[in-house]
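Naming convention: chains lettered A, B, ... in sequence-line order (proteins, then strands); numbering from 1 in each chain.
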There are 2 protein chains.
Amino acid sequence: MATREPITIKQLATMLGMAHSTVSRALNDHPAISAETKRRIQELAAHHGYVPNSAARSLKTAKSRIIGLVIPDIENRYYTTIAKTLADAAAPRSRQMMLSTTDDRPDREQSAILNLLEAQAEGVVLAPTADPTPETLAMLARLDVVQLLRHHPQIDAPRVEVADDYGLALSARHLVDLGHVRIGYIGNLSRVSTGAARLDGFLSVVGRDPETLRRVRICPPRADAAEGAFLDLMAGPDRPTGLVLGSARHTAGVLAGAARLGLRIPEDFSLVGYGDGELVPHLANGLTTLALPEQEMADACAALLGLIEPAGERPARFRPTLVVRRSTRAPA
Amino acid sequence: MATREPITIKQLATMLGMAHSTVSRALNDHPAISAETKRRIQELAAHHGYVPNSAARSLKTAKSRIIGLVIPDIENRYYTTIAKTLADAAAPRSRQMMLSTTDDRPDREQSAILNLLEAQAEGVVLAPTADPTPETLAMLARLDVVQLLRHHPQIDAPRVEVADDYGLALSARHLVDLGHVRIGYIGNLSRVSTGAARLDGFLSVVGRDPETLRRVRICPPRADAAEGAFLDLMAGPDRPTGLVLGSARHTAGVLAGAARLGLRIPEDFSLVGYGDGELVPHLANGLTTLALPEQEMADACAALLGLIEPAGERPARFRPTLVVRRSTRAPA
DNA sequence: CTGAAAGCGCTTACAG
DNA sequence: CTGAAAGCGCTTACAG
């Protein structure tokens, strides 16, 4: 029974010869309205395909049912899982999820946050860029924010993050325990908090002498960049016998580089990835990797935004676990 | 300079001793306002961290800047790419992307569409479930919709889809040309349009005799389901020497099943996947697969919604291409 | 170039 | 249990 022009509460009220306030209350199941009146009104509303106007409701109530998710990259499996879990939590509570990707650009971050502020978002889950603009920081102070994964010193908001230093120490320790001495690292820019923490965790185990630092490569989270870094790292003398990754998006590049150089895993070098997933067991003959509790972290975000009941403890920092498969072994 | 309570146009007008209509015009860069007035107003607005209220704007203009993306599963790489591309197209046009996942459930689809209708979404990109509810169909008639990938006979909206029959024929033909005779198929439910078209394309090449149909397995788009189907398919006598997949989410299950049975690819059977991606070249020693033009399809959606200029032709159906790697060869 | 006024579709105290 | 009224923050014809 959809009409071209959406029908309004006022029109329904006119048809029924009632005040539109009564219609509004009936549609919101207000206790003061009689059952019979409610039934009549709701029937007519359904018949005419009445749909409430959320802009009008938001204007009146000064809040919307929108929650924002602002992340660098939806193609990163980690964020994909977060998006899925958050969307699943939002749907049954009639919350809408607004998704923006920043590609780690502060200008895109700023416009995403502006849009959410304009929309009077109820909450925002944000994985901040390395350098949010002053405008972004000012706007964030006016929103209910959760910092996901990364954090920025000037954003005063609860954090939901991975114990990355712990995790990367786990990765490095695994290779050391297997007997590796020359261990390389390819990871993200250390300007974002996670990049710094991951490198730090790695170095806390292998040491910080110049010799070791020469086996560290930092590059953007793209496969082609990682491939370049890998080729460069493996070109020199005293090639690493083990390699630790600090980003999921570096995996494909390293595997491509290894294929190009004809290096086998784990015969020629051992590899520890970052992040698990459906396909990861089938990479590199079974990629040893750090698994992150994406689900729990997304739940923690949802709980902090009041979307779901907090499930027991809600630690700010979640510990990754090392999943040992067949891409790591003692050096030849 | 952010205040707790957001500042409004009226308050700015009072401070300046002007009419609030003038302030509104200045902030919207209306040509009739003098440069000097604009400057003063915009300066004050910036100083007070003025942010327009999008609910008020939407209420007045009877439209929002929201576009909806309603898909079954964000973890499916195909949809991830679409989401990324659409988000990238939306951002510079100050459009917001509302993401809902349906998990192929008509009730979730209905509430997602209801939310978008309430929000007066400018456009909706929808990959419909197999059986949208009558309510959903009625609401869709009131929205500007593009049907992505799948289509439903009762939804009257432009389609952006893959020539799946063509693509799966390509997959099957590849194995036939290599000399395979016993070829299996694992794919999606045929109740969704793509499931039917893919199976049809496969059968158009291998034939529809009962012998062949016994090598077809239909299962939900989950790895565990695909693994079960695979084990079942490979258990019988006259095991297929080649296998074609009709869903990206079946890949992990089949690889897990093959590992469990100790079957090597391509020595023991050849495998053709569905959908390409960063990691796919590193699966199964180089997975031969159908590559879909996700980027172009997302652009076509954006163009149909008026978000971007149509780039030359805009075919409704996009042809996948077969990327031959090392997971397929002549049968032993 | 600027102002006064109406109104978008709701919600919600206040009356009765 | 229902109604009359005000108002949320904008935009935009209509005047001048």
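Side-chain nitrogen and oxygen atoms of A:S24 include none within less than 4.0 Å of the OP1 or OP2 phosphate oxygen of C:dC10.
Taking only side-chain atoms of B:Y50, from C-beta outward, the nucleotide of D:dA4, D:dC10, C:dT2 with the closest atom is D:dC10. In the set C:dC1, D:dT2, C:dC10, C:dC1 carries the atom at the smallest distance from any side-chain atom of B:T37. For B:K60, the side-chain atoms get nearest to D:dG9 when compared with the rest of D:dG9, C:dT11, C:dA5. For A:S34, the side-chain atoms get nearest to D:dC1 when compared with the rest of D:dC1, C:dT2, C:dT11.
A salt bridge links A:D104 with A:R150: the distance from a Lys NZ or Arg NE/NH1/NH2 to an Asp or Glu carboxylate oxygen falls below 4.0 Å.
If you take CE of B:M18 and C1' of C:dC1, they are 11 Å apart, rounded to a whole angstrom. Atom CD in A:Q11 sits about 10 Å away from atom P in C:dC8, given to the nearest Å. Following rounding to the nearest Å, B:D29 (CG) and D:dT11 (C1') show an atom-to-atom distance of 16 Å. Rounded to whole Å, the distance from CG on A:N28 to P on C:dC10 is 10 Å. Rounded to an integer number of Å, the gap from CG of A:N53 to C1' of D:dG9 is 14 Å. Rounded to a whole Å, the CZ atom of B:R57 is 18 Å from the P atom of C:dG9.
Using a 4.0 Å heavy-atom cutoff across all strands shown, A:S54 reaches no nucleic acid atom at all. In this structure, B:L59 reaches the bases: a heavy-atom distance under 4.0 Å links it to at least one base atom across the strands shown. Residue B:S21 is classed as a base contact, given a heavy-atom separation below 4.0 Å to a base. B:A62 comes within 4.0 angstrom of no nucleic acid atom, judged by non-hydrogen atoms across all strands.
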All N/O pairs under 3.5 Å across the protein-nucleotides 14-16 of chain D interface:
none

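Judged by distance alone, the side chains of B:T136 and B:T133 do bring a donor and an acceptor atom under 3.5 Å apart.
Looking at B:I67 and B:V124, their side chains never come closer than 4.5 Å, going by heavy atoms from C-beta outward. Contact annotation: the side chain of B:Q154 never approaches that of B:P132 to less than 4.5 Å [non-hydrogen atoms, C-beta and beyond]. Two residues are said to be in side-chain contact when any heavy atoms from C-beta on lie closer than 4.5 Å; A:L44 and A:Y50 fail this criterion.
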Secondary structure string for DNA chain D (Watson-Crick or G-U under 3.5 angstrom, | for other-strand pairs): |||.||||||||.|||
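One N or O donor and one acceptor, one from the side chain of B:H20 and one from the base of D:dT11, sit under 3.5 Å apart.
In this structure, B:E118 contributes its side chain and A:V51 its backbone to no donor-acceptor pair below 3.5 Å. Of the possible donor and acceptor atoms, one in the side chain of B:Q147 sits under 3.5 Å from a partner among the backbone N and O of B:A157. Remark: side-chain polar atoms of B:R39 are not paired, donor with acceptor, to backbone N or O of B:T37 under 3.5 angstrom. For A:T61 (side chain) and A:R57 (main-chain N/O), a donor-acceptor pair under 3.5 Å exists by modelled atom type.
Tested against A:E122, the residues A:R95, A:K63, A:R93 include a single salt bridge (Lys or Arg N to Asp or Glu O under 4.0 Å) partner, A:R95.
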